[in-house]
Amino acid sequence: MSPPSHPAAHSIPPHTLTQLAREWLAEDTPNFDPAGVCVGSQGVEARLLCKTPHSILAGSPFFTAVFTEVGCTVDWIHQEGAEIGPDAITLTAVVRGPARCLLLGERPALNCLARASGIATRCSQLQAMATTGGWHGEVAGTRKTTPGFRLVEKYAMMVGGVSMHRHDLSGMVMLKDNHVWASGSITQAVKAARSVSGFSSKIEVECRSAEEGREAARAGADIVMLDNFKPQELHVAARALKEEFPPLLIEASGGVTPENLALYFSPHVDIISLGCITQGCPVVDFSLKVKKPAAHSCLQE
């Protein structure tokens with residue numbers, strides 16, 4: 001087995017990979033596998049093919065974990081984070097193991113790889129736009145992730161070169177409009193959150209105007225999210241807040257897409273977050289083709 005070499009891969013605890021792989025396999029095969037009778041346990045070899053050129057490979061640790069769990073090995077030809085292509089079809093890895101076991105792992109492993117690689121590819125494209133535009137802030141994801149699949153999607157953001165933002169509600173305090181309305185004011189919401197969050201957590205406040213941003217900054221917020229601002233309005237508000245509160249971090253969010261991202265670049269904006277990194281993101285097309293043994297016509301190449 002040749003495990004992928006990428007810094008992000010070392011952030012995933014081995015027991016987490018094992019747990020996820022077992023959950024995915026149990027979901028896909030909760031009891032019998034009648035098709036396993038057709039192929040048996042003879043050793044076979046399958047080729048992992050990428051059919052979407054210029055994609056970023058992401059999700060290899062999860063792919064490998066699934067096949068390890070069913071007694072197969074994976075040899076990677078392309079490493080995690082690599083751009084695959086420009087060929088229309090690229091041999092990416094080779095999987096070996098008992099036929100019925102390899103086919104048990106096929107769909108869960110491919111689903112994970114396709115989704116993670118799609119997210120990483122989009123992230124890489126967005127980061128390239130920021131670099132080309134001369135913007136030195138951080139492109140970031142959001143919590144708009146698939147329930148039960150967040151770790152994989154956040155990991156794919158890392159591989160694609162953007163910020164994960166906060167991983168969950170425990171990672172950072174974000175006070176959105178509903179928090180503010182329920183507590184009575186931005187000042188009151190920040191004060192209450194600060195009383196329990198301690199020194200290790202930043203506090204971010206979603207603001208709909210520059211004046212709300214000022215109130216949040218005065219109350220002690222670390223980050224102000226200027227939400228659903230038009231680009232020109234954003235530039236004016238961000239500059240005014242930075243001039244008055246230099247240490248304050250400014251995040252732009254809401255309505256940002258790959259098509260209009262460049263309009264939000266500003267020296268006064270530190271973070272731009274996009275829900276489309278995970279919502280509606282195209283997947284990368286992978287397939288796993290078993291090499292056909294001469295005596296077993298049930299296995300298709």
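Note: hydrogens, waters and symmetry copies are ignored here, and every other heavy atom, side chains too, is used.
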Under 3.5 Å donor-acceptor, [X] side chain and [Y] backbone:
X: Thr278; Y: Lys144; result: yes
X: Thr92; Y: Thr90; result: yes
X: Asp168; Y: Gly171; result: yes
X: Arg47; Y: Lys291; result: no
X: Ser195; Y: Ala192; result: yes
X: His235; Y: Gln232; result: no
X: Asp222; Y: Ile203; result: yes
X: Thr121; Y: Ser55; result: no
X: Glu45; Y: Val94; result: no
X: Lys154; Y: Arg166; result: yes

Q | side-chain hydrogen bond (donor to acceptor under 3.5 Å, both in side chains) between Ser183 and Gln188, intermediate numbers included | A | CA-CA 7 Å; Ser183 64; Gln188 186 60 36; over 6 Å; no

Q | Trace of the side-chain contact (heavy atoms from CB on, under 4.5 Å) decision for Leu288 with Leu102 | A | CA-CA 10 Å; Leu288 195 63; Leu102 189 149; 3.9 Å; yes

Would a single hydrophobic cluster contain both [Y] and [X], if residues Ile, Leu, Val, Met, Phe, Trp and Tyr are joined by side-chain heavy-atom contacts under 4.5 Å?
X: Leu248; Y: Val190; result: no
X: Met225; Y: Met172; result: yes
X: Met164; Y: Val173; result: no
X: Val290; Y: Phe63; result: yes
X: Trp76; Y: Val152; result: yes

Could you check whether any side-chain heavy atom of [X] comes within less than 4.5 Å of a side-chain heavy atom of [Y], counting everything from C-beta outward?
X: Ser163; Y: Met157; result: no
X: Lys202; Y: Glu204; result: no
X: His165; Y: Thr142; result: no
X: Gln79; Y: His6; result: no
X: Leu226; Y: Leu241; result: yes
X: Arg208; Y: Asn228; result: no

For the residue pair [X] and [Y], what are the closest heavy atoms and their distance?
X: Arg218; Y: Phe245; value: CG-CZ, 3.8 Å
X: Ile272; Y: Trp135; value: CG1-CH2, 3.6 Å
X: Leu25; Y: Pro108; value: CD2-CG, 4.3 Å
X: Glu251; Y: Ser273; value: OE2-OG, 2.6 Å
X: Pro258; Y: Cys276; value: CD-SG, 3.5 Å
X: Ile277; Y: Cys123; value: CG2-SG, 3.6 Å

Q: Measure up the Tyr155 and Phe62 rings against each other and bin them: parallel (under 30°), tilted (30 to 60°), perpendicular (over 60°).
A: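 Plane angle over 60°, so perpendicular.
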
If I take atom [atom1] from residue [X] and atom [atom2] from residue [Y], how far apart are they, to the nearest 0.5 angstrom?
X: Leu175; Y: Ile223; atom1: CG; atom2: CD1; answer: 11.0 Å
X: Ile250; Y: Ser266; atom1: CD1; atom2: OG; answer: 9.5 Å
X: Glu215; Y: Ile186; atom1: CD; atom2: CD1; answer: 4.5 Å
X: Glu212; Y: Glu206; atom1: CD; atom2: CD; answer: 9.0 Å
X: Trp24; Y: Gln19; atom1: CH2; atom2: CD; answer: 10.5 Å
X: Thr29; Y: Leu103; atom1: OG1; atom2: CG; answer: 10.5 Å

Q. Given the rule in the side-chain contact (heavy atoms from CB on, under 4.5 Å) test, do Arg122 and Leu274 qualify, once you have shown the distances and angles that lead to the verdict?
A. CA-CA 11 Å; Arg122 171 163 283 181; Leu274 302 88; over 6 Å; no

Q: Applying side-chain hydrogen bond (donor to acceptor under 3.5 Å, both in side chains), run through Arg107 and Asn111 and close with a yes or a no.
A: CA-CA 6 Å; Arg107 182 45 54 194; Asn111 286 348; 3.1 Å; yes

Q) Any luck finding a side-chain donor-acceptor pair between Thr18 and Glu69 under 3.5 Å? A)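 Side-chain D/A pair, Thr18 to Glu69: absent.
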
Strictly below 4.0 Å, N to O, side chains only: are [X] and [Y] in salt-bridge contact?
X: Asp75; Y: Arg96; value: yes
X: Arg214; Y: Glu211; value: yes
X: Asp270; Y: Lys242; value: yes

Q: Go through Leu48 and Leu110 one step at a time and tell me if the side-chain contact (heavy atoms from CB on, under 4.5 Å) criterion holds.
A: CA-CA 9 Å; Leu48 175 67; Leu110 285 176; 3.6 Å; yes

Q: Tell me, with the steps shown, if Val66 and Cys112 meet side-chain contact (heavy atoms from CB on, under 4.5 Å).
A: CA-CA 10 Å; Val66 168; Cys112 183; over 6 Å; no

Q) ring pair (Phe, Tyr, Trp, His ring centres under 6.0 Å) with Phe286: which residues, sequence neighbours excluded? A)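 Residues passing ring pair (Phe, Tyr, Trp, His ring centres under 6.0 Å) with Phe286: none at all.
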
Q) Does atom CD of Glu27 have more than 12 heavy-atom neighbours from other groups under 6.0 Å away? A)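 For Glu27, atom CD is not crowded (no more than 12 foreign heavy atoms under 6.0 Å).
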
(Q) Are more than 12 heavy atoms, taken from residues, nucleotides or ligands other than Arg194, located less than 6.0 Å from that residue's CZ atom? (A)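 Atom CZ in Arg194 is crowded, with more than 12 foreign heavy atoms closer than 6.0 Å.
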
